[in-house]
Amino acid sequence: MFYKTISKNSIFVISLLFLSVNVLNCTPGFSENGFNATQKEKISDRFKAPEVVGKIGSSEITESSGLAASRCNEDVFWTHNDSKNDPLIFALDKEGGRLGTWKVEGAENIDWEDMAAFKDKSGECYLFIGDIGNNARFRSSLTVYRVKEPRVSKKDSSSSEKDPLKSDRAVPITLSFPDFPFNSETLLVHPKTEDIYIVSKMFSGSAAVYKLPAASRNGKNVLVKVADFSVPAIPGGLFTGGEISSDGRRVILCDYYNGYEISLPDPALDFDEIWKEEPTIIDLGKREQGEAICYSVDMSAVFATSEKKNSPFIKVERK
């Protein structure tokens, strides 16, 4: 009951935030698409205009909170619902069409917020699912589930929420922050090292970036802070999703409205140097409540979804 009360209060706060941002967007100095003069200078010229290539038609997916492009199933994307739902993952085609529903064995959905895809050196593919939401700040530890990615076939589209297929058993990775029990909605997994990154969601000030090196994972993991990071937006640290590109040289993040990309400069070798870079804005088009974003496997495009039913499936191609 306490959690539900706090969650409702959080939604109220978010609604007020949305109102304030919309008011700002209607004041002098802001263009019709919501970008002010300073932001317009930082819109990336490396991407084309956003395109709605389809929609998530499945009635089972009401809160697409995480998104990842499969590393072992061609043209397949994975998504999941937000908090207080069954531990299900959904396979989508490149236009958002349903391909199947899987129950993640050994997992619980307290507050799933983001996911990532990973392919190891042997060619085995995994999904990481971030049960990292903490609106009420009452969770002293969070969980990231690591599960072998299911192989998707045509017959799997007949599976459903009521009769899902079953994944392999997930391995829970328990983690905690060293300083404060942040609410987070962004899970990143480095494609080369399998290091886990968690980015806090902040209503004011910069977000904090935390890391869990793969080599140091054990039964009880404490994250290490590596950076503070913000983007040219109001607020600047309200991140709701993100991903590291498959070459490990770029990061895409999103808030409720836009995308933001940073790139690791040559010849930098330490990935954590990327958080010092200036972000550029990527226009993601109209999303009702944008919480999920990912790269295509070949990094030629960015894909984004939104919460609510029948979310648009948005593609932004790189020039």
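Nothing fancy with the numbering, it's 1 onward along the sequence. Given the structure is predicted, the values throughout are model-derived calculations rather than measurements.
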For a 4.5 angstrom cut-off between non-hydrogen side-chain atoms, does [X] reach [Y]?
X      : Y      : result
Asn81  : Thr62  : yes
Pro150 : Trp78  : yes
Tyr256 : Arg287 : no
Met299 : Ser246 : yes
Arg146 : Ile173 : yes
Pro265 : Glu277 : yes
Phe313 : Thr305 : yes
Arg139 : Asp131 : yes

**Message:** So for atom NZ, which belongs to Lys103, do other residues, nucleotides or ligands contribute more than 12 heavy atoms lying within a distance under 6.0 Å?
**Reply:** no

**Asked** Taking atom NZ of Lys319 as the centre, does the number of heavy atoms from other residues, nucleotides or ligands within less than 6.0 Å exceed 12?
**Response** yes

Please check if any side-chain donor atom of [X] sits under 3.5 Å from a side-chain acceptor atom of [Y], or the reverse.
X      : Y      : answer
Ser153 : Asp156 : yes
Glu60  : Thr101 : yes
Ser64  : Thr79  : yes

Could [X] and [Y] be called an ion pair, given the rule that one side-chain N must be under 4.0 Å from one carboxylate O?
X      : Y      : answer
Glu149 : Arg71  : no
Glu113 : Lys201 : no
Lys225 : Asp179 : no

Classify the ring geometry between [X] and [Y] as parallel (under 30°), tilted (30 to 60°) or perpendicular (over 60°).
X      : Y      : value
Phe177 : Phe182 : perpendicular
Phe271 : His190 : perpendicular
Tyr197 : Trp275 : tilted

Establish whether [X] and [Y] are linked, either directly or via other cluster members, by ILVMFWY side-chain heavy-atom contacts under 4.5 Å.
X      : Y      : answer
Ile244 : Val297 : no
Leu264 : Leu188 : yes
Leu187 : Leu142 : yes

Please report the shortest heavy-atom distance between [X] and [Y], naming the atom on each side.
X      : Y      : answer
Lys220 : Asn218 : O-OD1, 2.7 Å
Val147 : Asp168 : CG2-O, 3.4 Å
Ala117 : Ala69  : CB-O, 3.4 Å
Glu185 : Asp114 : O-CB, 3.4 Å

Distance, nearest 0.5 Å, that separates [atom1] of [X] from [atom2] of [Y]:
X      : Y      : atom1 : atom2 : answer
Ser44  : Ile281 : OG    : CD1   : 10.0 Å
Leu238 : Ser230 : CG    : OG    : 12.5 Å
Leu67  : Leu92  : CG    : CG    : 7.5 Å
Ser296 : Glu243 : OG    : CD    : 9.0 Å
Asn85  : Ile61  : CG    : CD1   : 11.0 Å

When you measure from the side chain of [X] to the backbone of [Y], do you find a donor-acceptor pair of N or O atoms at a distance under 3.5 Å?
X      : Y      : answer
Ser158 : Lys155 : yes
Ser200 : Ala208 : yes
Asn134 : Phe138 : yes

**Prompt:** Would the Tyr260 and Phe229 ring centres measure less than 6.0 Å apart?
**Reply:** no

